[in-house]
Amino acid sequence: MAASLGWGALAASSLVLGALLAFARRWPGRQVGLVLAFGAGALISAVSFELAQEGVAIGDPGSTALGLAAGALTYYVADGLIARGFSTGRGRSGRSTGSSPGPALALGAFLDGIPEQLVLGIGIAAGEGVSASLLVAIFVSNLPEAIGSATEMRKAGTGERVILRLWGVVAVICVLATVVGYAAADAASGNLRAGIDGFAAGALLVMLIDSMIPEATKQSGRVAGLVTTLGFAVAAGLSSVS
């Protein structure tokens, strides 16, 4: 139990670290865009190798597909509700043209962080040890999400204490998810774990297309594609360490 708590805290600490880095200095829009682009690449790698592929490997493909649909729909609905709360003008379906992407990125970190860390805790309890690849994927992808979200929320007028409290709460919940995964490991079948992986993958895919990638391209221009590729390559390379 102590091991799951410690590893879970290490993985989630990048959320708070990212918010603190956002406050440490002023981040020009182009730099925020580049950070988001790198994070998008890392998340695409996580979806491909740590979530979708792993889900199909440990359970029935149908369970992964059901989780994928559930995660995508959950993010879509929740993000729509949040976007209306930050709305200054209705634009494309599901988001507001004047809404800040910061809350959407925080929601994405929350919805994919919980199942990712559940899987981390289950693996520790099952005697599989700590998945270095999953740990790296969580840490590397969390950092730019938190930097980008905190920067955008501060630009929108949200106070630093409120932002830091938000990310602190998200981090604590993610740590608790690791402990819950450890405690519930005996009851977690391969299909359940596949569904959990699928849920995280679905939520991430919608968040990437709806918020993270458009914002990265908007703020950093065409070079965002190259930086996204770099983020993918770095995360995929690090994920080979297991």
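Just so it is clear, the values below take in all heavy atoms, side chains as well, and ignore hydrogens, waters and symmetry mates.
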Task: For Arg222, all residues meeting side-chain hydrogen bond (donor to acceptor under 3.5 Å, both in side chains), sequence neighbours excluded - done: none
- [ ] List the atom of Ala22, the atom of Ala150, and the distance in Å for their closest heavy-atom pair.
- [x] CB-CB, 3.6 Å
Open item on the list: Quick check on the hydrophobic clustering: are Leu17 and Leu164 connected, directly or via other members, by side-chain heavy-atom contacts under 4.5 Å?
Closed with: yes
Open item on the list: Could you check whether atom NZ of Lys155 has more than 12 heavy atoms from other residues, nucleotides or ligands sitting under 6.0 Å from it?
Closed with: yes
Task: Qualifying ring-ring contact (aromatic ring centres under 6.0 Å, His included) pairs with a residue from residues 206-229, counting only residues at least two apart or across chains - done: none
Open item on the list: Holding to side-chain contact (heavy atoms from CB on, under 4.5 Å), I want the full list of residues that pass it with Leu176, two or more places apart in sequence or in another chain.
Closed with: Val172
Task: Heavy-atom pair of closest approach, residues Leu51 and Ala200 - done: CD1-CB, 3.9 Å
TODO: Quick one: name the residues clustered hydrophobically with Val162, using the 4.5 Å side-chain heavy-atom rule over I, L, V, M, F, W, Y, and just say none if it's on its own.
DONE: none
Show me the side-chain donor-acceptor pairs of residues 55-62 shorter than 3.5 Å, one per line, residues at least two apart or across chains.
unit_1	atom_1	unit_2	atom_2	d
Asp60	OD1	Gly62	N	2.6

Open item on the list: Once rounded to the nearest 0.5 Å, what's the spacing between atom CG of Leu205 and atom OH of Tyr76?
Closed with: 15.5 Å
Open item on the list: So, taking the atom named CG in Leu118 and the one named CD1 in Ile196, what distance separates them when rounded to the nearest 0.5 Å?
Closed with: 5.0 Å
- [ ] Scan for side chain to side chain donor-acceptor pair (under 3.5 Å) pairs involving residues 167-178, sequence neighbours excluded, and state none if there are none.
- [x] Gln117-Thr178
Enumerate, atom names and distances included, each donor-acceptor pair closer than 3.5 Å involving a side-chain atom of residues 32-47, sequence neighbours excluded.
unit_1	atom_1	unit_2	atom_2	d
Ser45	OG	Ala236	N	3.3

TODO: Please list, chain by chain and in numerical order, all residues satisfying ring-ring contact (aromatic ring centres under 6.0 Å, His included) with Phe49, sequence neighbours excluded.
DONE: Phe232
Task: Heavy-atom check, side chain of Ser220 versus side chain of Val223, under 4.5 Å - done: yes
Task: Atom pair OG (Ser63) and CG (Asp197), whose distance is rounded to the nearest 0.5 Å - done: 11.0 Å
Task: Pairwise ring-ring contact (aromatic ring centres under 6.0 Å, His included) hits with a residue in residues 186-212, at least two apart - done: none
Task: Common cluster, Leu66/Val77, ILVMFWY with side-chain heavy-atom separation under 4.5 Å - done: no
Task: Atom pair CG (Leu166) and CZ (Arg161), whose distance is rounded to the nearest 0.5 Å - done: 16.0 Å
- [ ] Return the minimal non-hydrogen interatomic distance between Ala224 and Ala216, and the atom names on each side.
- [x] CB-O, 3.9 Å
TODO: Please collect all side chain to side chain donor-acceptor pair (under 3.5 Å) contacts where either partner lies in residues 29-38, sequence neighbours excluded, each pair once.
DONE: Arg25-Gln31
Task: For the student: nearest non-hydrogen atoms of Asn142 and Ser14, plus distance - done: CB-OG, 3.0 Å
Task: side-chain hydrogen bond (donor to acceptor under 3.5 Å, both in side chains) involving Glu160 - partner list, sequence neighbours excluded - done: Arg154
TODO: Please name the pair of heavy atoms, one in Ala171 and one in Ala12, separated by the smallest distance, quoted to 0.1 Å.
DONE: O-CB, 3.6 Å
Open item on the list: Test: ring-ring contact (aromatic ring centres under 6.0 Å, His included). Region: residues 203-228. Which pairs qualify, not counting sequence neighbours?
Closed with: none
- [ ] Keeping the roles fixed (side chain from Ser13, backbone from Leu10), state whether a donor-acceptor pair exists under 3.5 Å.
- [x] yes
Task: Linked, directly or transitively: Leu73 and Leu204 (ILVMFWY side chains, under 4.5 Å) - done: no
- [ ] Starting at OG1 of Thr64, measure out to CD of Gln53 and round the result to the nearest 0.5 Å.
- [x] 11.0 Å
TODO: Supply the atom-to-atom distance Glu54 CD to Ser48 OG, rounded to the nearest 0.5 angstrom.
DONE: 13.5 Å
- [ ] Work out which heavy atom in Gly18 is nearest to a heavy atom in Ile147; give both atom names and the distance.
- [x] O-CG1, 3.3 Å
